[in-house]
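Working notes, structure below.
Proteins get letters first, then strands, A, B, ... in listed order; numbering begins at 1 in each.
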Amino acid sequence: MDDKSSPMLEVKNLAISFFNKSGEIQAVRDISYVLNKGEVLGIVGESGSGKSVSSHGILRLTPDNGKVKSGEIIFDGKDILKMNAKEVQNLRGNRISMIFQDPMTALDPLFTVEYQLNESLKKHTDLDTASRKKRMVELLELVGINQPERRLKQYPHELSGGMRQRVMIAMALSCDPDLLIADEPTTALDVTIQAQIIDLLKELKEKIGMAIIFITHDLGVVSDICDKIIVMYAGKIVEEGTSRQIFYHHVHPYTQGLLESIPDIETDSSVRLKPIKGNPPDMSCVKPGCAFAPRCSSAMQICLKQDPPLFELDETHAAACWKILKEAQKQS
Amino acid sequence: MTGTGSNTGNDEREVLLEVRHLKKYFGVHTGFLKKTDLKAVDDVSFVIHKGDTLGIVGESGCGKTTLGRTILRLTEPTSGDILYEGSSIMGKNMKDYRDKMQIVFQDPYASLDPRKTVADIIGEAMDIRKSYSSKEERREKILGLMHLVGLNAQFYNRFPHEFSGGQRQRIGIARALAVDPGFIVCDEPVSALDVSIQAQIINMLEDLQQERKLTYLFIAHDLAVVKHISTRIGVMYLGHMVEMASSRELYERPLHPYTQMLLSAIPVANPDLSARRKRIKLQGEIPSPLAPPSGCPFRTRCPQACASCAEVMPELKEVEAGHFAACHVLQEKG
């Protein structure tokens with residue numbers, strides 16, 4: 001773990017599919033990435049792009065009708081996909097924990113905050129009842145909940161949406177995880193609460209130094225928290241790079257389209273938005289070629305026939321687009 | 001509110017819709033034989049000019065959706081008056097107004113009847129009004145509307161479940177347009193959609209407004225979207241209108257502390273800009289609308305709150321030309 005040269009998490013050629021009556025739905029198609037200790041990785045994509053499925057796979061939370069077709073998820077030198085149920089349970093909530101999108105459905109309405117916070121502490125630590133209680137109060141204070149003793153006795157329905165999400169974060173942090181997976185943690189919240197939660201995550205990242213995978217559909221949310229960003233489309237990584245590379249030096253037409261279709265509060269509102277034409281592809285019948293080609297304004301012949309690999313632009317920046325190859329050939 | 005309809009600035013243009021002191025209270029059981037009023041919309045007044053878009057923003061529970069529904073009398077207002085083209089719609093048969101005032105709902109998955117085909121969903125209002133003389137004409141009109149909102153003619157006999165969210169929202173818009181209304185309440189029409197699709201629908205709504213001289217009441221929680229589409233914007237907080245100004249004015253010089261807080265909380269897809277931006281330290285959450293604070297509803301979260309804020313609810317007053325705000329601190333300064 002202390003070895004800085006080896007990454008903490010390495011996802012290699014991961015492919016996850018769902019099977020139903022009509023056949024196979026390829027949700028995640030061959031994605032690879034690495035995450036180092038203390039890094040914040042943003043995974044951005046629209047609904048159905050596979051961003052959640054790929055990250056749930058890390059904790060082996062793929063639903064019953066889903067199947068990991070291939071790949072390795074190496075965490076701290078061990079492949080999570082090859083672990084038995086007990087080993088995975090020792091990871092969950094302990095070394096890797098997760099925050100879900102909807103804090104109302106992720107908390108159990110029948111139990112108090114205390115009971116739910118206690119669960120993972122009881123399982124993963126040797127603390128006695130009194131010190132567990134102390135730790136719980138500390139945790140609630142850490143995530144900015146006032147009157148923690150009183151809150152512990154309350155049920156989820158007595159808390160507001162922002163407060164519930166804070167409780168979820170407190171639960172996730174209870175065993176000092178090395179990695180926190182945040183699956184759209186602010187999507188169900190109001191803007192003012194969203195800003196508070198993002199500030200909190202930033203603060204925690206500095207204080208505790210854990211790595212975060214931040215899944216979102218909103219590029220605005222990840223702009224000032226992430227070190228690295230992966231843009232996903234139709235189950236594949238279309239572009240990856242540092243935050244600055246994605247926002248200012250993006251090369252993939254999808255990344256560009258995504259950034260351009262967000263209305264900017266700074267610009268004049270008479271400027272028309274530039275949407276990406278068409279609709280996201282149906283993942284149950286994947287056609288050959290680049291999945292984005294039917295919506296792409298600069299699509300070429302080859303785009304419809306052959307899926308582009310990830311071309312490396314520099315050490316940290318890569319994009320899957322034939323345009324890059326064409327431009328490189330032009331230059332040489 | 002000082003004099004109804006004064007919050008328009010000095011605008012001579014034709015007023016399409018006027019709302020006067022609109023209130024909508026819901027009775028909520030809060031104990032045995034105990035009922036408390038939930039003031040979803042509390043004394044809201046404004047006017048909308050023909051061809052304009054009034055944007056309404058606010059956090060969840062601020063009453064923006066109730067406002068939209070109450071204006072169409074989909075829920076009866078508790079008190080207040082709504083005037084369409086100068087005459088009150090209160091106490092009248094709404095059937096006469098449904099072809100003038102329409103609504104596009106938030107959730108494109110819940111607002112379309114799953115057992116009807118696209119043609120029947122769009123054509124339903126025409127069927128009720130018998131606004132066609134032959135089946136041929138009905139078909140033509142429906143196909144015309146489908147073309148207008150960018151739906152392929154081959155979808156004519158398909159069912160809603162066969163469509164994606166963006167396409168469903170197009171069906172919902174075509175349905176609203178079927179009776180050729182002058183005024184449409186757009187209740188968060190894009191918030192359930194992906195960003196790339198959002199922009200398509202916003203552009204389409206703008207085009208339709210140009211072509212058909214439509215007037216919108218555009219309700220959304222996404223401030224960037226509201227700013228983009230609106231001519232004027234009203235900010236709501238706990239059932240009250242706290243600030244109202246032209247779209248540009250509101251974003252460039254927000255006066256009410258709540259508006260300032262909302263604006264500073266918007267995430268920007270630009271790391272440099274977002275690092276540069278002044279962030280107002282945000283605190284607290286919306287109080288329960290069942291037990292709102294006395295006086296100004298925002299005082300519990302307001303960094304500038306003073307003693308007088310706890311006593312009286314500030315009125316929405318013109319602080320600067322065309323710029324209205326309901327804040328004691330501001331009004332004292334002015």
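Side chain of B:Q200 to backbone of A:G278: a donor-acceptor contact under 3.5 angstrom is found. Of the possible donor and acceptor atoms, one in the side chain of B:N203 sits under 3.5 Å from a partner among the backbone N and O of A:L273.
B:E252 does not touch chain A: none of its heavy atoms, backbone or side chain, sits under 4.5 Å away. With a threshold of 4.5 angstrom between heavy atoms, A:N146 does not approach chain B through any atom at all. At a 4.5 Å heavy-atom cutoff, the contact between A:L259 and chain B is made by side-chain atoms alone. For chain B, no part of A:V222 is nearby; none of its heavy atoms comes within less than 4.5 Å. Proximity to chain B is absent for every atom of A:Y254, based on heavy atoms less than 4.5 angstrom apart. Of the atoms belonging to B:D222, not a single heavy atom falls under 4.5 Å from chain A. For chain A, the nearby part of B:S164 is the side chain; its heavy atoms alone come within less than 4.5 Å. Contacts of A:E260 with chain B are absent, with no heavy-atom separation under 4.5 Å from either backbone or side chain.
Atom NZ of residue A:K277 and atom CD1 of residue B:I197 lie 13.0 Å apart, to the nearest 0.5 angstrom. Going from atom CG of A:D190 over to atom NE2 of B:H221 covers 7.5 Å, rounded to the nearest 0.5 Å.
The choice from A:Q194, A:M163, A:R272 that makes the most heavy-atom pairs within less than 4.5 Å of chain B is A:R272.
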